[in-house]
Every structure is written in C-alpha cells, then in structure tokens.
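Just the heavy atoms: all of them, side chains too, but no hydrogens, waters or symmetry mates, feed the values below. Letters A, B, ... mirror the listed sequences (proteins, then strands); counts begin at 1.
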2 protein chains.
Amino acid sequence: MALLSKSCVYGIRAAILMAIKGEKEFISIKDIAEELNLSAHFLTKILQLLTQEGLLISHRGPKGGVKFSRPAKNIKLIEIVAAIDGMELFEECALGLHGCGTATPCPLHEKWAEHKIVLRTLFETENLEKLADNVQDAGLRLRTLSQLDIIEFNNTKMQK
Amino acid sequence: MALLSKSCVYGIRAAILMAIKGEKEFISIKDIAEELNLSAHFLTKILQLLTQEGLLISHRGPKGGVKFSRPAKNIKLIEIVAAIDGMELFEECALGLHGCGTATPCPLHEKWAEHKIVLRTLFETENLEKLADNVQDAGLRLRTLSQLDIIEFNNTKMQK
DNA sequence: TTAATTTAGGATAAAAGAGTCTTTAATACT
DNA sequence: AGTATTAAAGACTCTTTTATCCTAAATTAA
C-alpha cells in the first residue's frame, strides 16, 4: 500500500508543475499531462476535483486551461490531498475502526493519534510555492517515465 | 485513502486477538473470524500470508488452527504489515517516483524521508504482546460491527 | 477405516480504482 | 458565422482489491 492514491500523486505532481510554470495564465491540461507523461484525459478528471474544490479555476476554449484560484504560496499540500483522497489518512483510526477515540480506543489509538498530528503537520506546512522552489533550486524530479530514470538507474548500477 | 489495506487491518486485529487468547494452543480461524465479525474464508486467506511468511504455524484437522511461531512479544507490528501490504509505505517515495533518493529527489523527498523513519519506528516498536495488553488493560476495542459502536454512537450524540 | 474438522487453494463474483474514449459545452480567433 | 481549441461529463474497459464459495488435503477421534 502506498501512502497516497495514484490519482493523488498525479494531482500533486501537476499542481507543483503548475506552480513552477507561473500563476498568471491558464495552462492547458494537455500540456501538463505531456510534461508529466500522464494520460491527459485522466489528469483532466483529477484536476476537475481540484476545480470543484475551488483550488483551481478552469477556462474552456482556446487559451483555456487551469490556474490556481489563489497564490501557490497559500495552497497547502494537504488541500490537494483532501480534495482527491479525502482526509481519512489524517483523521481515521489506523485499524479502520470507525468511531475509535479516547472513549473507546483501539489498541493502537494513542500512538497513532499522536503520530497523525505529525503527519498532518507535514502536509499542512508544505505549500505549492515551496515545493515548486525545491524543484527549481535543485533540479529535482517530477517525472517517472523519463530519461532521468534511465540515467539514474544506470548510475546506480555503476556505483555498485 | 487509508494508511493500511483492509486485509492488513483484518490481519492485525486477528493477530492481536490471538495474542490475547494465548500462545500455547492452536486457535481456529473460524473462531477468530466470528469474534471479529469477519468472513472466515477471507481471514483464512489473509492469515495464510502470515503463515507463508513464517509468522504463524498452521495445523489442519480437528484441534487445528493457527498459532504464533514465536512469542507475541517478539513479533513486531511492522512484520504483520510487511507480510500483507508490503514495505512500500515505509520505503517508497510519497509521490510514487520510483528511484527517488538523495541523488534525484522529488520535491517532497527530504521531508518524507525524515518522516518515514518516524512512521517506521512506530510500527517497529509496537509488538503484539504490547498491543494485546492494551486491549486487556483498558477494555479497548477490536471490533467494528458490534454493540460497542452503537453504544458509543449514542453517547457521542448525547454529549453534543 | 470412517466421519468430522480445519487449513490450503482455486474459481468466481462484486466493488473500487485506474485509465481510455467519445460527445458536449464553452470560448477565442478568423 | 464558422472553425479550432479546450475543459466537462459520461460511457466504457481493465486491473486490483475485497469477498464468497467449493473442493482438496491433512489430521484427529471414534
């Protein structure tokens, strides 16, 4: 099991790319999808969720696309996750026991409740501007199926 | 998205119940399933994974069932998770970028790498004996579909 | 040896997640 | 007005997860 669904990581990658590309103009979903090596149709669906949540503004027609409804600095990573995967990860019992709480806790309740706060704080303190800056500063990665992967794979092998 | 798959939380709940019931005798999967309100067939499949990993010993026929291959105290929670969900949660990139590492990190790499250690430590320091003791000490919960839920639900409503 | 019990394992089905394709609606440009 | 572009929306497919059911194999006890 991964921490986040595939839809969610695609949405996050797209949002970071958008933050890199600037916030003034509408960016076409097709362009984002191409840069990230994703299906444009599928990404459209995912970004629709962000539009419906009010995180993005969309515009149809030529020169259309999507852009942030507010400065990337003011959009927290957790808002993207919440819109796509929901808040379950940050709010629910680790053993899936509905209603687990201090009154009737599960055996893991105390430890997990404490940890959830840390996890949540991590996703709340990251914003899209910050993440975009990371990419620009250090030439970090956003793509999977790219030459980067192949290069790294070869490098890794050579190091051994 | 939940932290753990359903199979995994069923496996954990069953393992904790087994630890409560004692480690000497074989316990029938049917009995565990009944106490936890799960499908016995489904739980059998899940516990098979634990048997295949060597965490459990199984025995067919009358008086058969499953029991731990070593003292519950020596079985870490992370071992159950690893056998059912795998180690992805504790080892992989949060943005699903294969090969994300210090060489070619994703924008979230540093923060997540740091956090993964904390998460992993949590699951490594919990063992089945400890979790079972939690249940016994405080009358904690292991079941979902039980009267307990209904009672708590009503209590919660009344508190508002 | 027969019958009952219990895990193992395969076949199948239902539900959810992931992904594709087609049509529709909005809009900009000529 | 007409055409090209782009997101929205729905139908559809494929895969994985979740769950059920049936048969086989092992084992105990009578």
Just the rounded figure in Å: distance from [atom2] of [N] to [atom1] of [X].
{"X": "E25(B)", "N": "dT6(C)", "atom1": "CD", "atom2": "C1'", "answer": "15 Å"}
{"X": "M1(B)", "N": "dT16(D)", "atom1": "CE", "atom2": "P", "answer": "15 Å"}
{"X": "L49(A)", "N": "dG10(D)", "atom1": "CG", "atom2": "P", "answer": "13 Å"}
{"X": "F26(A)", "N": "dA28(C)", "atom1": "CZ", "atom2": "C1'", "answer": "13 Å"}
{"X": "H59(B)", "N": "dA25(D)", "atom1": "NE2", "atom2": "P", "answer": "18 Å"}
{"X": "F42(A)", "N": "dG10(D)", "atom1": "CZ", "atom2": "C1'", "answer": "16 Å"}
{"X": "E88(B)", "N": "dT16(D)", "atom1": "CD", "atom2": "C1'", "answer": "13 Å"}
{"X": "L50(B)", "N": "dT7(C)", "atom1": "CG", "atom2": "C1'", "answer": "14 Å"}

Give I29(B) one of three labels, base, sugar-phosphate or nothing, depending on what nucleic acid heavy atoms sit under 4.0 Å from its own.
sugar-phosphate
Would you say [X] has more than 12 foreign heavy atoms packed within less than 6.0 Å of its [atom1]?
{"X": "E25(B)", "atom1": "CD", "answer": "no"}
{"X": "E110(A)", "atom1": "CD", "answer": "no"}
{"X": "K116(B)", "atom1": "NZ", "answer": "yes"}
{"X": "K67(B)", "atom1": "NZ", "answer": "yes"}
{"X": "E114(B)", "atom1": "CD", "answer": "no"}

For L38(A) and G64(A), take the nucleotide of DNA chain C holding the closest heavy atom to each; which residue's nucleotide lies nearer the 5' end?
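Its nucleotide being nearer the 5' end, the pick is L38(A).
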Need to verify one output field. Residue with the more 5' nearest nucleotide on DNA chain C, K45(A) or K63(A)?
K45(A)
For [N], does either OP1 or OP2 sit under 4.0 Å from a side-chain N or O belonging to [X]?
{"X": "Y10(B)", "N": "dA19(D)", "result": "yes"}
{"X": "K6(B)", "N": "dA19(D)", "result": "yes"}
{"X": "T44(B)", "N": "dT7(C)", "result": "no"}
{"X": "S7(A)", "N": "dA18(C)", "result": "yes"}
{"X": "Q48(B)", "N": "dG9(C)", "result": "yes"}
{"X": "S58(A)", "N": "dA8(D)", "result": "yes"}

H41(A) vs G61(A), nearer the 5' end of DNA chain D by closest nucleotide
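First, find each residue's nearest nucleotide; the 5'-ward one identifies G61(A).
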Hey, which of these two, I27(A) or S5(B), hits DNA chain D nearer its 5' end, going by closest nucleotide?
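Taking each residue's closest nucleotide, the earlier one in sequence belongs to I27(A).
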Parallel, tilted or perpendicular: rings of H59(A) and F26(A) (30°, 60°)
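Geometry flag for H59(A) against F26(A): parallel rings.
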Among dT20(D), dA18(C), dA4(D), the nucleotide that comes nearest once only the side chain of P62(A) is considered
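The answer is dA4(D), which lies nearest to the side chain.
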From dT5(C), dT7(C), dA7(D), pick the nucleotide closest to the side chain of R60(B)?
dT7(C)
